[in-house]
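Notes to accompany the following structure.
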Amino acid sequence: MMDIHKILQKLPHRYPFLMVDRVLEVEKDVRIRALKNVTINEPFFQGHFPTRPVMPGVMMLEALAQTAALLAFETTGSGVDDNSVYYFVGIDGARFKRPVEPGDQLILEVQMDRVKGGIYKFKAQALVDGELAVSADLMCTVRKVA
């Protein structure tokens with residue numbers, strides 16, 4: 001398990017872009033399970049949509065990518081530092097199955113598929129009340145910056 005303080009040590013993201021509230025389970029090199037509490041206070045709900053707030057699909061994918069980053073960092077025993085950046089470099093097969101609304105708890109499940117040439121590939125899905133909301137294959141990498 002990883003609380004918000006440990007998440008903040010691993011990820012460079014901050015409000016309003018941090019999309020992971022807690023890690024429930026993590027198995028190095030294999031999988032991670034985390035959660036995002038979806039609240040009406042999220043800034044994107046002001047415009048998406050004012051009369052019927054729905055979490056944008058791209059934000060659900062970002063939550064999954066951040067969860068994947070936590071798995072990668074836990075696996076390597078590192079985190080982002082001032083000399084490196086974790087990049088989301090690809091997505092395949094994204095499917096949205098149900099809307100996510102304020103008050104939902106998004107359970108983020110990511111499995112490591114493979115690592116090759118510094119590119120991590122993950123199978124990811126997010127559920128609400130056990131029902132699939134989104135699934136996708138994600139690709140990410142860590143790059144050193146000058």
Side-chain angles (χ1 to χ4, degrees), residues 1-2 4 6-39 42-49 52-146:
M1 196 161 105
M2 193 182 299
I4 191 65
K6 289 183 182 173
I7 292 168
L8 289 168
Q9 290 173 359
K10 295 281 185 183
L11 292 179
H13 307 79
R14 296 297 179 261
Y15 178 84
F17 221 71
L18 182 62
M19 296 284 138
V20 181
D21 293 320
R22 179 174 297 274
V23 172
L24 304 171
E25 303 170 38
V26 62
E27 191 176 342
K28 283 172 73 169
D29 295 318
V30 180
R31 66 183 190 86
I32 189 169
R33 192 165 174 262
L35 77 82
K36 164 69 178 147
N37 291 308
V38 181
T39 72
E42 307 284 350
F44 48 76
F45 284 137
Q46 291 178 14
H48 199 272
F49 302 99
R52 182 67 186 203
V54 175
M55 186 176 190
V58 68
M59 299 308 285
M60 289 186 270
L61 293 170
E62 177 63 27
L64 288 167
Q66 290 179 22
T67 303
L70 288 166
L71 177 58
F73 292 140
E74 195 66 17
T75 294
T76 62
S78 67
V80 168
D81 57 36
D82 290 340
N83 298 319
S84 62
V85 178
Y86 185 83
Y87 289 111
F88 190 8
V89 296
I91 185 165
D92 291 320
R95 297 290 180 264
F96 302 94
K97 299 296 186 177
R98 77 177 301 284
V100 176
E101 301 173 321
D104 286 342
Q105 252 194 355
L106 201 56
I107 302 298
L108 308 159
E109 298 179 341
V110 176
Q111 291 186 345
M112 193 171 297
D113 190 23
R114 69 177 183 261
V115 181
K116 185 176 181 183
I119 303 288
Y120 292 81
K121 188 164 184 185
F122 305 94
K123 299 256 182 226
Q125 65 178 18
L127 303 108
V128 174
D129 294 328
E131 187 179 346
L132 185 64
V134 60
S135 62
D137 294 332
L138 309 176
M139 288 159 284
C140 307
T141 192
V142 176
R143 299 281 182 196
K144 293 291 180 189
V145 292

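Computed from a prediction, not measured in an experiment: that's the story for all the values here.
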Do the side chains of [Y] and [X] get nearer than 4.5 Å, heavy atoms only?
X: Tyr86; Y: Val142; result: yes
X: Val38; Y: Val128; result: no
X: Gln111; Y: Gln125; result: no
X: Glu42; Y: Met55; result: no
X: Leu11; Y: Phe17; result: no
X: Met1; Y: Lys6; result: no
X: Val100; Y: Val54; result: no
X: His13; Y: Ile7; result: no

What's the shortest heavy-atom distance between [X] and [Y], and which atoms?
X: Pro102; Y: Phe45; answer: CG-CE1, 3.7 Å
X: Ala34; Y: Val20; answer: CB-CG1, 3.8 Å
X: Ala124; Y: Val110; answer: CB-CG2, 4.0 Å
X: Ala136; Y: Ala94; answer: CB-CA, 3.8 Å

- Quick check: are there more than 12 heavy atoms from other residues, nucleotides or ligands sitting under 6.0 Å from NZ of Lys121? yes
- Task: Return yes when atom CD of Gln46 has more than 12 non-hydrogen atoms of other residues, nucleotides or ligands closer than 6.0 Å, and no otherwise.
- Result: no
- Determine, stepwise, if the pair Leu106 / Val134 fulfils side-chain contact (heavy atoms from CB on, under 4.5 Å). CA-CA 10 Å; Leu106 201 56; Val134 60; 5.7 Å; no
- Task: Only counting residues at least two apart or in another chain, list the ones meeting salt bridge (Lys or Arg N to Asp or Glu O under 4.0 Å) with Arg14.
- Result: none
Nearest 0.5 Å, please: how far is [atom2] in [Y] from [atom1] in [X]?
X: Asp92; Y: Lys123; atom1: CG; atom2: NZ; value: 9.0 Å
X: Met112; Y: Lys28; atom1: CE; atom2: NZ; value: 10.5 Å
X: Thr39; Y: Glu101; atom1: OG1; atom2: CD; value: 13.5 Å
X: Glu109; Y: Leu132; atom1: CD; atom2: CG; value: 9.5 Å
X: Lys36; Y: Ile107; atom1: NZ; atom2: CD1; value: 12.5 Å
X: Leu35; Y: Leu108; atom1: CG; atom2: CG; value: 7.5 Å

- Query: Is the shortest distance from a Lys or Arg side-chain nitrogen in Arg98 or Asp129 to a carboxylate oxygen in the other one below 4.0 Å?
  - Reply: no
- Determine yes or no for a side-chain-to-main-chain donor-acceptor pair under 3.5 angstrom, with Thr141 supplying the side chain and Gly118 the backbone. yes
Anything under 3.5 Å between a donor and an acceptor, one on a side chain of residues 67-74, the other on a protein residue two or more places apart or in another chain? List them.
| unit_1 | atom_1 | unit_2 | atom_2 | d |
| --- | --- | --- | --- | --- |
| Thr67 | OG1 | Ala63 | O | 2.8 |

- Task: Give the C-alpha distance, both sets of side-chain angles, the deciding distance and a yes or no for side-chain contact (heavy atoms from CB on, under 4.5 Å) between Phe96 and Leu61.
- Result: CA-CA 10 Å; Phe96 302 94; Leu61 293 170; 3.8 Å; yes
